[in-house]
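Written out below as structure tokens is the structure these notes cover.
What you are looking at is a predicted structure, and each value in this text was computed from that prediction instead of being measured.
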Amino acid sequence: MSTPGNLDTESELSFERSLYVGGQITAILYGIQLVLYLLSNILLLNSSRKGRDANFYVIYGTVLLILWTIALACNALFGQYAWIDHRDVDGPAAYIEENISAAYNTLGTTAGVIMNFLSDGLLIYRCYILWSSWKVIIFPIFLYFGVLAMSILLIYESAQPGANFFVGHAVDFGVPYISLTISLNIIVTGLICGRLLYLRNEVNKILGPTHAKMYTSIIAILVESAALFTILGIVYVVVYARKSQTSIALVQVWGDFCAISPQLIILRIAMGRGWTKDTVGKLTTPTITFSTHFDTEKDSSPTSIDAHLSLRYSSEHTV
């Protein structure tokens, strides 16, 4: 049995607590993700307007769930090994330090990085949908590929024997990777929020506040822009750059929102409340309707015509 002198240091205990707390929060959020995933797929697959977009979102959500399951399983296995199977006189911290670059941990890290890459990709695509212009997303795309390059270097460095994602040389790659990711999220989130606020004013003028609320409410803006994901990322990069032991908990929660934020967007689309190409076009482009009327009382011949021109804005949308 371990003696008090052999127990982990206060710093090591802080890291372990963060790892444990982050794992518990992740388990809760994973359950929420399962519910969101099932609800989205039920709505998408039973939609009368089911098409390629619906199939894409089903596949996209499935890939995210698989990746999260892999990351969650790897973290759970790591915890089991550290705190149960390999407890010895050196304490769990020694096992964690020696095995944090183990193959299953590298697999979990890779799954999390791919989740983030997919999440950023969807955000850029959603930004393009709202702006209907490739020019707006040129710079975010450059950042996107910069993130990809840094993520490859980070995974490689973290997989080296004795490497640690949170200390040493891995941090030298991790900080630029996280910084680029968060910068990308801030820019894209800002573009989406700005566009939605503009569209909110336009739809208010056209359809009134009741219809505008469905697409441009505060909740809609927060979900469509993945604002919570971005805020968590900002907090995490500050803590991670300071090499704080609590960063392990934050990175788990931030990583969870790499899946939750896109799934919330997909759920809104499945419910018919999300922005699509059709929605943007129909809510911002007027439809011209002509109607004619023959006044037979004044003239029996079709030479007297009253023409009426109306501008109609449609609030219909498609999945």
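Remark: the backbone N or O of L118 is paired with a side-chain donor or acceptor of Y60 at under 3.5 angstrom.
By the side-chain contact (heavy atoms from CB on, under 4.5 Å) test, A226 pairs with L123, F229, S261, sequence neighbours left out. Residues meeting the side-chain hydrogen bond (donor to acceptor under 3.5 Å, both in side chains) test with Q263, sequence neighbours left out: S40. By the side-chain hydrogen bond (donor to acceptor under 3.5 Å, both in side chains) test, S14 pairs with no residue at all, sequence neighbours left out.
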Between side-chain atoms of residues 144-153 and protein atoms elsewhere (two or more places apart, or another chain), which donor-acceptor pairs fall under 3.5 Å?
residue	atom	partner	partner atom	Å
Y144	OH	F117	O	2.9
S151	OG	V147	O	3.3
S151	OG	L148	O	2.6

Under 3.5 Å, which donor-acceptor pairs do the side chains of residues 179-194 form with other protein atoms, sequence neighbours left out?
residue	atom	partner	partner atom	Å
S179	OG	V175	O	2.7
T181	OG1	Y177	O	2.8
S183	OG	S179	O	2.7
N185	ND2	D120	OD1	2.8
T189	OG1	N185	O	2.7
T189	OG1	S225	O	2.9
T189	OG1	T230	OG1	2.8

Name the atoms and distances for all side-chain donor-acceptor pairs under 3.5 Å in residues 19-31, with sequence neighbours left out.
residue	atom	partner	partner atom	Å
T26	OG1	G22	O	2.9
T26	OG1	D256	OD2	2.9
Y30	OH	T69	OG1	2.6

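Residues V238 and I248 share a hydrophobic cluster, clusters being chains of Ile/Leu/Val/Met/Phe/Trp/Tyr side chains in contact below 4.5 Å. A continuous path of hydrophobic side-chain contacts links V63 to L39 [ILVMFWY only; heavy atoms under 4.5 Å].
No hydrogens or angles considered: a donor-acceptor pair under 3.5 Å links the side chains of Y37 and N41.
Under the 4.5 Å side-chain criterion, counting only non-hydrogen atoms from C-beta, I260 is in contact with W68. For the pair S247 and Y236, the minimum side-chain heavy-atom distance is below 4.5 Å. I265 has its side chain out of reach of Y57: every pair of non-hydrogen atoms, C-beta onward, lies at least 4.5 Å apart. The closest side-chain heavy-atom distance from L267 to L43 is below 4.5 Å. At a threshold of 4.5 Å between non-hydrogen side-chain atoms, the residues E224 and I129 do not count as touching.
In plain terms, the two heavy atoms of S119 and C258 that are nearest each other are CB-O, 3.2 Å.
One distance of note links CD of E16 with CD1 of I96; it measures 4.5 Å at 0.5 Å rounding. Distance check, rounded to the nearest 0.5 Å: CD of Q252 to CZ of F257 gives 13.5 Å. The CG atom of L67 lies 10.0 Å from the OG1 atom of T110; values are rounded to the nearest 0.5 Å. The CD1 atom of I70 lies 10.5 Å from the CE atom of M115; values are rounded to the nearest 0.5 Å.
In Y104, the OH atom is crowded: over 12 heavy atoms of neighbouring residues, nucleotides or ligands sit closer than 6.0 Å.
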